[in-house]
Amino acid sequence: MNSYVEVNLICSTLISVSAHLLANNFRKSKQNKHKIILISIIYNLLGLVCYNSLKAVILIHIWMCITLYQYQIKALLEAHFVILFWLTIAVYFLDATVVNMVLFIPSTSIMWVGFVLVLLVSILLIENVLKSLVFQQKFEMDIELEINGKTYQCHGYLDSGNTLLFNELPVIFLSDTIGVDLFGLESYPVEYQTIEQSMICLVYLCKIRFEGNEKEAYFGIIKDFGNHIDCLLNVALFH
């Protein structure tokens, strides 16, 4: 069967990326998405080069599993289930074949273009819809804040009612028990609505890191929440 290496690499890589991103959303310890993309490219490129040797392909596969999943067997099985699903679709609709776990699409088929588009749409949905839903269900998470050159470790709670934006960036609220150093920081007055009334709060620019992501946000300081929560997060952080 005649097959284009570029088409096989593109389709195989997109299958891997969609599978690993999907599994990544349900993991406790997440991988950076750029690492997932890089490992997927390397894995599929090496697979195409070594497809004639089953032992080599198995070794490459083991390397990928250890690099991305370590001992997280459940997430690994979820990713492989998604990969199996996409391979089945490719075999059925594109008349593709799988040799030693490596996908080959015949050069006579032009349906691979539609297959690529479907994979790209699935990746966009995973990153923009599923990711948001999973985070909103999780509610609590550990975060790191960078403020005025200093870092603060906090335990955040996703407040589904907090959709406040300032300069198109989300506004989060920190407990005054954190002891943030505000010296030299420029403040901005922002009006926000509580259940009982409207209030004015000074907010400051910061960087927030969580689950392998880094984003800019504004933070305001309010009184102690009275529990183990240090920070009320904003829904917009997960869009």
Distance col, row Thr177:OG1 vs Ile229:CD1, nearest 0.5 angstrom, shows 11.0 Å

Side chains of Asn162 and Phe173, heavy atoms from C-beta outward: is any pair under 4.5 Å?
yes

- Message: Is any side-chain heavy atom of Leu202 closer than 4.5 Å to one of Leu182?
- Response: no

Pairwise side-chain contact, Tyr69 with Leu77, heavy-atom cut-off 4.5 Å (strictly under): no

message = Using only atom types and a distance under 3.5 Å, with no angle test, would you say the side chain of Asp230 pairs donor to acceptor with the backbone of Ser175?
response = no

Separation between CD1 (Ile143) and CZ (Arg209), nearest 0.5 Å, reads 11.0 Å

Item checked: Met64 with Phe81, same ILVMFWY side-chain cluster at under 4.5 Å -> no

query: Under a 4.5 Å cut-off applied to non-hydrogen side-chain atoms, are Val190 and Cys201 in contact?
result: no

For this session: Anything under 30° is parallel, anything over 60° is perpendicular, the rest tilted; go ahead and classify His61 against His80.
Result: perpendicular

task = Starting from the C-alpha separation in whole Å, work towards a yes-or-no answer on side chain to side chain contact (heavy atoms under 4.5 Å, CB included) for Leu145 and Ile172.
result = CA-CA 11 Å; Leu145 297 173; Ile172 63 176; 3.9 Å; yes

Which donor-acceptor pairs under 3.5 Å do the side chains of residues 47-58 make with protein atoms, sequence neighbours left out?
unit_1, atom_1, unit_2, atom_2, d
Ser53, OG, Ala56, N, 3.3

On a heavy-atom basis, the closest approach of Ala96 and Pro106 is CA-CD, 3.9 Å

Those residues at least two apart in sequence (or on a different chain) that pass salt bridge (Lys or Arg N to Asp or Glu O under 4.0 Å) with Asp142 are none

With heavy-atom distances below 4.5 Å as the criterion, would you say the side chains of Val203 and Leu164 are in contact? no

The reported gap from CG in Leu38 to CD1 in Ile36 (rounded to nearest 0.5 angstrom) is 11.0 Å

- Message: Is it true that, when you exclude Ile73 itself, more than 12 heavy atoms of the residues, nucleotides or ligands shown sit nearer than 6.0 Å to its CD1?
- Response: yes

In terms of heavy-atom contacts, Leu103 and Ile15 come closest through CD2-CD1, 4.0 Å

query: Can you check whether Val102's main-chain N or O pairs, donor with acceptor, with Asn100's side chain at less than 3.5 Å?
result: no

Interatomic distance, CG@Leu45 vs CD1@Ile60, rounded to 0.5 Å, equals 9.5 Å

The side chain to side chain donor-acceptor pair (under 3.5 Å) partners of Thr67 (sequence neighbours excluded) come to Trp63

(message) Would Cys206 and Tyr152 count as a side chain to side chain contact (heavy atoms under 4.5 Å, CB included) here? Give the steps.
(response) CA-CA 11 Å; Cys206 71; Tyr152 301 85; over 6 Å; no

Does Trp112 belong to the same Ile/Leu/Val/Met/Phe/Trp/Tyr cluster as Leu117, with side-chain heavy atoms less than 4.5 Å apart forming each link?
no

Sorted by chain and number, sequence neighbours left out, side chain to side chain donor-acceptor pair (under 3.5 Å) with Asn167 holds for Tyr218

Smallest heavy-atom separation, Ile208 atom then Ala217 atom, equals CG2-CB, 4.3 Å

Fill in: Common cluster, Tyr204/Ile200, ILVMFWY with side-chain heavy-atom separation under 4.5 Å
no

In short, Leu119 meets Leu14 closest at the heavy-atom pair CD1-CB, 3.7 Å

Hits for side chain to side chain donor-acceptor pair (under 3.5 Å) against Ser198, two or more places apart or cross-chain, chain-then-number order -> Gln193

- Any side-chain heavy-atom pair from His20 and Ile39 closer than 4.5 angstrom? no

Check: Phe166 and Tyr188 side chains under 4.5 Å, non-hydrogen atoms
yes

When rounded to the nearest 0.5 Å, the distance separating CD1 of Ile105 from CD1 of Ile10 is 9.5 Å

Between Asp181 and Asn148 the two heavy atoms that sit nearest each other are O-ND2, 3.9 Å

Sorted by chain and number, sequence neighbours left out, side chain to side chain donor-acceptor pair (under 3.5 Å) with Glu168 holds for none

For Asn44 and Thr13, the nearest pair of non-hydrogen atoms, with its separation, is ND2-CA, 3.5 Å

Do Leu76 and Leu59 sit in one hydrophobic cluster, given that two such residues count as connected whenever their side-chain heavy atoms are within less than 4.5 Å of each other, even indirectly?
no

ask   = For the hydrophobic clusters of this structure (ILVMFWY residues joined by side-chain heavy atoms under 4.5 Å, transitively), does one cluster hold both Phe85 and Phe93?
value = yes

ask   = Are side-chain heavy atoms of Leu237 and Phe210 found at a separation under 4.5 Å?
value = yes

One should read off an interatomic distance between Lys35 NZ and Asn24 CG, to the nearest 0.5 angstrom, of 10.5 Å

